[in-house]
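Remarks on the structure that follows.
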There are 2 protein chains.
Amino acid sequence: MHFLRPLVGVIPGMQTNCLKQGETMFVNSNAHPGSKPKASGQLGELSRARVILSEFKYNKGTEIFGEAEPAEYIYQVADGAVRTHKLLSDGRRQIGAFHLAGDIFGLENGATHRFTAEAIVDTTVRLMKRCSLEHVAETNALVALDLLNMTTRNLRHAEDHMLLLGRKTSLERVAAFLLEMDPRLTAAGVMALPMSRRDIADYLGLTLETVSRALSHLHGMGILGFLGQTQRQIVLLDRMRLAELDL
Amino acid sequence: MHFLRPLVGVIPGMQTNCLKQGETMFVNSNAHPGSKPKASGQLGELSRARVILSEFKYNKGTEIFGEAEPAEYIYQVADGAVRTHKLLSDGRRQIGAFHLAGDIFGLENGATHRFTAEAIVDTTVRLMKRCSLEHVAETNALVALDLLNMTTRNLRHAEDHMLLLGRKTSLERVAAFLLEMDPRLTAAGVMALPMSRRDIADYLGLTLETVSRALSHLHGMGILGFLGQTQRQIVLLDRMRLAELDL
DNA sequence: CGGAGACCTTGATACAGATCAAAGCCTCGG
DNA sequence: CCGAGGCTTTGATCTGTATCAAGGTCTCCG
């Protein structure tokens, strides 16, 4: 599927020249007209200064961009889910974040990506060409502030995750994970996880067996339930006790 | 020592009103005339828009600011060393970063600090009042870009540290620590660590005993030597082999 | 509908690093 | 110079999580 990756100037019908700020092109930033409101507005001023070039679809498991590749685009998840990770030379993997509908990812200040991004399920993303973002930000303080706010959000998450990875037990990590995903994924009382146990493990610095045992343990405690046929549909039954487990 | 903390408007001789950008007051941003060149320039445009209010001295072990406190100032280490950390409710500690001469710390986009900062040794810092930094950044894109660049540096460090905390072995972590501190601390071939084994452990997500054993192991391998009387003066004897240990 | 493969759970065992313990060393004040 | 206290090392043991292993379940596709 490598030929599906967008490369500068090779995608048929892709608009390659950027609009200058001011001559804006309005783009509806919601996935569907009825989608969650949080998806809108995250781009802030950026959505007026930059133009969304196109939507692009990635099949489950395919790479969206690789670590150390030049950062040509900024991405927003329209539908689906994305994981970003770093690898050690022997294959150990650390997932830095999960990106769900509405989330921005792949934003870089420097020239290259610092993570590899992959689609967890079939995923549609919106692409924005960077068009020397630094240059636009030099003249438009509001654009620069938007970039700063997004970067700060990422930094805050990374700082909290350092505490989790450095000092929390396996049960605390899994509890924290569920509490993090709950508001982002739960619809109609059910949390439908798009990612595998291995993905969760690589996000939490554990093995997949330990994640599975922790979930079973929480199940046994009556804190969560599994829905129907699959182990990826979780119902949180006691958020209070779950929160007490995450110190 | 709590009374030593700077509070708005209570420090005798402290200049409380900010200069507007443009009416700049030049402040030498180097610690001493002969100090390392990297200390200068880190503030970028910010050094012209903001004014350095004063220097302030903290004794070894004292708190500079606390987590969740309002962020009134930005700090730069003039001399000494600072650690920033988060605590869990039961006292487990994760150090997010060490800040040495020239480093900026305590920069927040939001209203409050996300870490506690403490002086590791007797430390002199320069304080800059924020003076609603957001407001200045709204009008001056270059200031906003400086903030973005500093935040991006912090983010890159946090991302790399997540990989270390989530997936590296104790020996790899200690090797990475030495390689990180080497260019920042080594002078005349000797690395003089200001921080204790416990600080290093809380930075690397280990115990102080494990850090000590890893250092002894590296010593036994001939990769490093301890200088004279103290265990905090380290000489790196084989950076090549040390780098090979950090995957 | 049936079979292959991916994913998940559960159990047994191993091990890296934590914990507990004690002794050596350095620092600094008196 | 001496002694108390903090820091570091080193050893013995423990334990949380990894690893190894096996079986179960779901998905997808022919």
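Just so it is clear: chains get the letters A, B, ... in the order the sequence lines come, proteins before strands, and each one is counted from 1.
Sorted by residue number, the list of members of residues 84-95 of chain A with any non-hydrogen atom under 4.0 Å from DNA chain D is empty. Residues from residues 189-199 of chain B with heavy atoms under 4.0 angstrom of DNA chain D, sorted by number: B:Ser196, B:Arg197.
B:Leu171 places its CG atom 12 Å from the P atom of C:dA16, with the value rounded to the nearest Å. Rounded to an integer number of Å, the gap from CG of A:Leu208 to P of C:dA6 is 15 Å.
Sorted pairs that involve residues 213-228 of chain B and meet side chain to side chain donor-acceptor pair (under 3.5 Å), not counting sequence neighbours, are lacking altogether.
Sparse packing is recorded around CZ of A:Arg198, with 12 or fewer heavy atoms of other residues, nucleotides or ligands lying under 6.0 Å away.
Note: B:Thr151 OG1 to B:Ile104 CD1 = 11.5 Å, rounded to the nearest 0.5 Å.
Computed from C1' positions of five pairs at each end, the angle between the two local axes of the helix from C:dC1-D:dG30 to C:dG30-D:dC1 equals 40°, rounded to 10 degrees.
Between the side chains of B:His157 and B:Glu180, at least one donor-acceptor pair of N or O atoms lies under 3.5 Å. Using modelled atom types, one finds no donor on one side chain facing an acceptor on the other under 3.5 Å when comparing A:Glu108 with A:Tyr73.
In this structure, B:Arg241 contributes its side chain and B:Met221 its backbone to a donor-acceptor pair below 3.5 Å. For the pair A:Gln94 (side chain) and B:Leu164 (backbone), a donor-acceptor distance under 3.5 Å is absent.
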- Query: How would nucleotides 18-26 of chain C be written as a contact map, 5' to 3', with B for base contact, S for sugar-phosphate-only contact and - for no contact, using protein heavy atoms under 4.0 Å?
  - Reply: SBB-----S
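Between B:Tyr75 and B:His113, the ring planes are tilted. Angles from 30° to 60° get that label.
Across all strands shown, A:Arg232 has heavy atoms under 4.0 Å from sugar-phosphate atoms exclusively, and none from any base.
Nucleotides of DNA chain D with any atom under 4.0 Å from a heavy atom of chain A span, from 5' to 3', D:dT17 to D:dC26.
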